[in-house]
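Start at 1 and go down the list; that is how both ligands and their atoms are numbered.
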Amino acid sequence: MMMRMRRSMASFLQIPDDDKGYDLNLFCVPKHYEEDLESVLIPHGLIMDRTECLARNIVEDMGGCPVVALCVLKGAYKFFADLLDYIKALNQNSDQSVPLTVDFITLKSYRNESTADVKVVGEEELSALTGKDIVETGRTMETLLSLLNKYNPKAVKVVSLLVKRTPRSCGYRPDYIGFEVPDKFLVGYALDYNEHFRDLNHVCILNENGKEKYKK
Ligand code: IMP
Ligand code: MG
């Protein structure tokens, strides 16, 4: 699978460090999380609009080549499903179309806030376009990429909804990026804190109360 890359560097929507997000009261959030969030950083509608654009970029770049879309569970499941829905919509409404199969892999890398070892569940299922929730240090992705290479895929492209601006970054950058975000702990839209907050539509900033309440 050869891809024609029209963009030399991934473009993204940058959310600046001094962006405090939106007041919680202006959006619908579940009652059980009201006390645990600082603010809404990326409203669900904006996530969807940006994802629609990423789908278009991907379809243009793939030039009709078949793709195995690999979802990195659990954090990317919402992004993956929405991205694929937009790609499917483009497939059925334009001259060009990308044949898709899907696969899933579970990576476990987080306990509270600090990265532990990256564990892969379901390695035997692997094949290649990888959908990711968030890249912080980049270590999880580097581990997965070296694993994927064992299967000799023709090409591997990584799409991540979020990339965190952090001094802890190892320098890894995905091929497609939704948003570049400040160095805060984010939850919602399937991103979790110890398995909580996946049932929240917007990407929100977790507050100290939430960290304490749901810590392990
Ligand atoms: P990395 O290996 O440091 O890039 O960590 C990436 C993984 O850590 C992601 O797949 C998430 O599971 C988790 N992670 C990193 N930052 C956040 C965050 O702000 N919220 C939720 N999970 C995060
Ligand atoms: Mg997690």
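Nearest N/O/S atom of Asp192 with respect to the Mg ion (ligand 2) is recorded as OD1.
Not close to ligand 1: Arg168, with no non-hydrogen atom less than 4.0 angstrom away. Ligand 1 lies nowhere less than 4.0 angstrom from a heavy atom belonging to Leu162. The closest approach between a heavy atom of Gly138 and any atom of ligand 1 is below 4.0 Å. At least one heavy atom of Ile134 sits closer than 4.0 Å to an atom of ligand 1. Residue Lys132 places a heavy atom less than 4.0 Å from ligand 1.
Contact between Lys20 and Ser39 at its shortest, heavy atoms only, is O-OG, 2.7 Å. Thr166 approaches Glu136 most closely through the heavy-atom pair CG2-O, 3.6 Å.
Neither the backbone nor the side chain of Val72 has any atom closer than 4.0 Å to an atom of ligand 1 (non-hydrogen atoms only).
Classification of Glu142 and Arg139 as a salt-bridged pair fails, no side-chain N sitting under 4.0 Å from a carboxylate O. Using a cut-off of 4.0 Å between Lys/Arg side-chain N and Asp/Glu carboxylate O, Lys216 and Glu195 are scored as not salt-bridged. Ion pair Lys213/Asp36 flagged as a salt bridge, since at least one NZ, NE, NH1 or NH2 atom sits closer than 4.0 Å to an Asp/Glu carboxylate oxygen.
For ligand 1, the atoms lying closer than 4.0 Å to a non-hydrogen atom of Val135 are 4 (O). Every atom of ligand 1 is numbered from 1 in the order shown, and the set under 4.0 Å from a heavy atom of Lys184 is 19 (O). Taking every heavy atom of Lys164 and a limit of under 4.0 angstrom, the matching atoms of ligand 1 come to 16 (N), 17 (C), 18 (C), 19 (O). Counting atoms of ligand 1 from 1 in the listed order, those under 4.0 Å from a heavy atom of Leu191 are 20 (N), 21 (C).
Annotation for Tyr22: atom OH does not count as buried by contact number, only 12 or fewer foreign heavy atoms lying within 6.0 Å.
Close N/O approach between Leu186 and ligand 1 is found [any backbone or side-chain N/O within under 3.5 Å].
Glu52 contributes atom CD, which lies 8.0 Å from atom CZ of Arg56 (distance to the nearest 0.5 angstrom).
For Tyr33, the ring pair (Phe, Tyr, Trp, His ring centres under 6.0 Å) test picks out Phe197, with sequence neighbours left out.
When the heavy-atom distances from atom 1 (P) of ligand 1 to Thr137, Leu107, Val163 are ranked, the shortest goes to Thr137.
Of the possible donor and acceptor atoms, none in the side chain of Asp133 sits under 3.5 Å from a partner among the backbone N and O of Leu191.
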